[in-house]
Amino acid sequence: MTDAALLQSIIASLPEIVVVTGACILLILGQLVRKGQEHFFVSASVAIVLIAALATLLLANEVRPAYSGMFIADRFAVFFKLVFYLATVLTFLLSRKYADIEGIASSEYYVLLLFALFGMMIMASATDLLSIYVGLELMVLCTYVLTGFMRREQRSNEAALKYVILGAVSTGIFLYGVSLVYGLTGTTQLDAMAQAVTGAPLDPGLLLAVVFIVAGLVFKVGAVPFHMWLPDVYEGAPTTITAFMSVGPKAAGFAVILRVFLNPLVAASDAWIIVAVIAVVTMALGSFVALVQDNFKRLLAYSSIAHAGFAIFGVVAGGQDGIASVMLYMLIYAFMNLGIFGAVIMMRNGDFSGEVIDDYAGFAKSHPGLALLMLLYLFSLAGIPPTAGFFAKFYVLVALVERGFVMLAVIAVLLSAVAAYFYIRIVMVIYMREPERAFEPALTPMVRATLAFTALGTIGIGLFPAWFLGLAQQSASGG
Amino acid sequence: MGIPLLSLIIFTPVAGAAVLMFLRSDDAVRWTALIVTVLDLALSIVLLAGFDTTTHEMQFTEKVPWVPALGITYALGVDGISALFVFLTALLGAVSVLASWVAIERKVTAFMASLLAMQALMLGVFLSLDLFLFYVFWEAMLIPMYLIIGVWGGEGRVYAAFKFFLYTLAGSLLFLVGVIVLYFQGGETFDILALTAQDLPFRIQSWLFFAFLIAFAVKVPMVPVHTWLPDAHVQAPTAGSIILAGVLLKMGAYGFLRFSLPMLPEASVYFSPLMLALSALAIVYGGLLALAQDDLKKLVAYSSISHMGFVTMGIFALNIRGLEGGILQMFNHGVTTGALFLFVGLIYERTHTRSIADYGGLMKVAPVYTVFLALFTLSSMALPGTNSFVGELLVLSGGFAANLAVGAAAVLGATLGAAYLLGMYRRVALGPASVGARSKIRDVNAREMVAILPLAVFVLWVGLYPKPFLAIIDASVTHLLTEVHGRESGQ
């Protein structure tokens, strides 16, 4: 690599460099800063992410391939990186008080989140199966550790163990698919793969490889049949990490899926029916199983499975609108899901867990304002207008119908009616039941800010979706 | 562009709801809500006053791009059909506030805010000229209505609210897919007028007809998707029932008028026998169910199913008398049934029982109440001189012209109506006064009179001199019919 090319590569990956450097500095500082100064880590981490975001935006205008075709900085990557920044910053803001209450306040917590962010950023920009793999592993290794961060809690340990074992298996499957692709086409670069698979009748070996790669990726977004880890891990992990995982890594998974599927593997569309089936089954399972959950975190885990299913419908639709619909879905999901998790996190105070749905009985009576916010997030998750959640689903349906998949659209809406039931059930508990005991939510200014910001996004994108839609459409075509 | 009157009509209640949040005392909330709804009513009267009845064209139109990438606009407009319902909605909005004055004691602010939000959304439905916008209003209504039933309702409110929510949602979502299919078939636009001008192939029309039918039938509600209605009505607070019966049920019928008929004319004509049969079924079945009720509210709720059968029958008779009768009957049903629910609410507040068997002899203790109850009961059974007579007569003559058997079934339904309504009135108002009821019953007070009187005026006005009301809708209905038959016979 020449110096000029190296310089270009460094510029293209500047945001990643900012994040990883910042994380390393924090790691060292973590050993120096005295106890009781954890506030510093939140501000420092947020500052690092904001600098990275600034760098990303500055680089957004141009497509910059880098590192000999392993990496690219394009608008598609920029869009996803912005979603990651959003998820990470909001997680930082939600974490401070919660970490104190749970006794997990240490610098590593923030450093690991930053490394996970770094991994996700690589995933969004990767244009080679190997760099995808590197990003993926970096991200999941951090989330494994974060899942088990509540060391004294058995549930947390169990979740982490389960996650590590299943995650390792899925990584193995993914790598096996990659090795098959390399064996058959002699390349791991997505563009070169695209050339190799077009034209001639599809090699059955390649189809097998596709299936393996799909399986590996589908695990990360928690789609059926690789969803089993998700409820347990979501339940066991610290709630802030659950919030983070439900948005960031999931969006990263979709970023890779969109890159891999909609370019090189589009020719392998015999496998398309598999994706459609995955979408239907994922949404059905997520929606129906969520109906019987009593634990809020588990319910949100299944709800996140259902949402992943809905987003996969956008992948099925394909095309520019299909890609844009998934991207917009991820952005909107980040707002509403972090919002609802913010509410759950805020409930954790003293001996109050906020994990059981019954904990919220009569919440509207004691905290009308917060209840109204939760109402907003829940109706948005259910996809009722004028919230953003409606527009997210609407655009996926538009993409589906545009491609002629009307039957799939009908299935999708019927399943979302099922899903609406459990969101509305929570609204019922909040608004229509009598409070059982008094409680005081852990409302710090940071949590307040997070809730206000996510609420603004949830209602704002719903009322004025045009700009965000345009952004997603441009980013989808911006390769 | 002058004053955007239609946006003003929609957003006045929204602004009012926002103001409520800053008020501390419940009475201030009540008065503000009343002032806002009366203001909105005044605006709707301004609209009617400026309305040109000689044309079917959309008037007072507003159009602002909303999501240009998908061809979505914020487009509003009124024609004769919607003008009438805008007025009805505004009228019942003010009545609902009055009806909840003392009935709602807890969380008054939230209740009034929900009521105002509801009103804004309903007005939005009638005024939208963009399908996406229409859908947003149509669906968003679920949120305040769910809360109104579920938070301030009776014993079984949670179940009823759930049922209402899920039925309507499931129906509407299919409608959404239909809307998107229509969007692509009709040249990637959500503009209602542009879509109306499209000629779609019959096969697509029939699919869309059923997708729309499910959504609209749930709202009307038509048998067999009517079962949410009695639950919702019985559990809802009085204002909720008034809005449900008065306006919400009209939205399904309005959907047929605004979408099914003009956009899918061939399918509408082709499936009209089915629709007529379903309407006749609703009329008779609803009537029979009403006949068997002991709960006052349930009786009125089932009678609604029967009466809405007349409306859909009028619409799908697809002739001028049927259509005009159907639309007028929508208005009449809003006024009359809204009033009947108000009356049920008034007496329930006093006695806390809705069982007809607990009443009797109210004539002696509450004469004013029973006189007005008589008026609305007679109106509900379509006695000459009342509003429903005019509407029902038009529907029947339209129905007979369309299909003899269906017309005959409707007459049977009308007879059933006389039976259960007279029976109800006899058992509530006449005879010896029941001991338990008599001691607690006061006659209507001044505030209640204010809510009742305008409704009574419209009962008699439409009944004795329906011409101005028919004049409002005439041009639009005539145009609608030429749309349906002109295109259908032209194929």
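The basis for the numbers below is simple: all heavy atoms, side chains too, and nothing from hydrogens, waters or symmetry mates. Below, chain A is the first sequence line, B the second, and so on; all start at residue 1. This one's a predicted model, so the numbers in the text were calculated from it and none came from an experiment.
In this structure, chain B has no heavy atom under 4.5 Å from any part of A/Leu400. In this structure, chain B has heavy atoms under 4.5 Å from both the backbone and the side chain of A/Ile424. Heavy atoms of A/Arg425 lying under 4.5 Å from chain B belong to its backbone as well as its side chain. Only the side chain of B/Ile72 comes within less than 4.5 Å of a heavy atom in chain A; its backbone stays farther off. Only the side chain of B/Leu166 comes within contact range of chain A, judged by heavy atoms closer than 4.5 Å.
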In sequence, state the C-alpha distance, the side-chain angles, and the governing distance for A/Tyr431 and B/Val158, and then conclude on side-chain contact (heavy atoms from CB on, under 4.5 Å).
CA-CA 10 Å; A/Tyr431 272 86; B/Val158 173; over 6 Å; no
Hey, mind stepping through B/Leu173 and A/Leu414 against side-chain contact (heavy atoms from CB on, under 4.5 Å) and telling me if it holds?
CA-CA 7 Å; B/Leu173 284 169; A/Leu414 288 180; 5.8 Å; no
For side-chain contact (heavy atoms from CB on, under 4.5 Å), just list the numbers for A/Phe394 and B/Leu70, CA-CA rounded to whole Å, side-chain angles, deciding distance to a tenth of an Å, and then say yes or no.
CA-CA 11 Å; A/Phe394 173 76; B/Leu70 294 175; 4.0 Å; yes
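For the set A/Val398, A/Val410, A/Asp321, A/Val418, the count of heavy-atom pairs under 4.5 angstrom toward chain B peaks at A/Val398. Heavy-atom pairs under 4.5 Å with chain A were tallied for B/Leu176, B/Leu142, B/Val179; the largest tally goes to B/Leu176. Ranked by heavy-atom pairs shorter than 4.5 Å toward chain B, the options A/Lys393, A/Lys365, A/Met428 are led by A/Met428.
The aromatic rings of B/Phe165 and A/Phe379 lie tilted to each other, with the angle between the two planes from 30° to 60°. Classification of the B/Phe132-A/Phe391 ring pair by plane angle, with boundaries at 30° and 60°, yields perpendicular.
Evaluated for a side chain to side chain contact (heavy atoms under 4.5 Å, CB included) with A/Pro385, the options B/Val136, B/Leu133, B/Leu121 yield exactly one hit, B/Val136.
Minimum interatomic distance between B/Glu139 and A/Ile384 (heavy atoms only, all atoms of both residues): O-CG2, 3.8 Å. Nearest heavy-atom pair across B/Arg157 and A/Met432 is NH2-O, 3.7 Å. Summarising the geometry of B/Val177 relative to A/Ala409, their closest heavy-atom pair is CG2-O, 3.9 Å, with the distance given to 0.1 Å. The heavy-atom pair separating B/Leu169 from A/Ala417 by the smallest distance is CD2-CA, 3.9 Å.
With contacts defined as side-chain heavy-atom distances shorter than 4.5 Å, the pair B/Tyr146/A/Val427 qualifies.
Remark: A/Leu372 CG to B/Met21 CE distance equals 6.5 Å, nearest 0.5 Å. Separating the CD atom in A/Glu402 from the CD atom in B/Glu188 is a distance of 6.0 Å, to the nearest 0.5 Å.
Residue-environment remark: CZ (B/Arg24) stays at or below the threshold of 12 foreign heavy atoms within 6.0 Å. The 12-atom threshold is not exceeded at OH of B/Tyr159, counting heavy atoms of other residues, nucleotides or ligands nearer than 6.0 Å.
Remark: aromatic rings of B/Phe162 and A/Tyr421 are close, center separation under 6.0 Å.
B/Trp66 places a side-chain N or O within 3.5 Å of a backbone atom of A/Leu463 that can act as its donor or acceptor partner.
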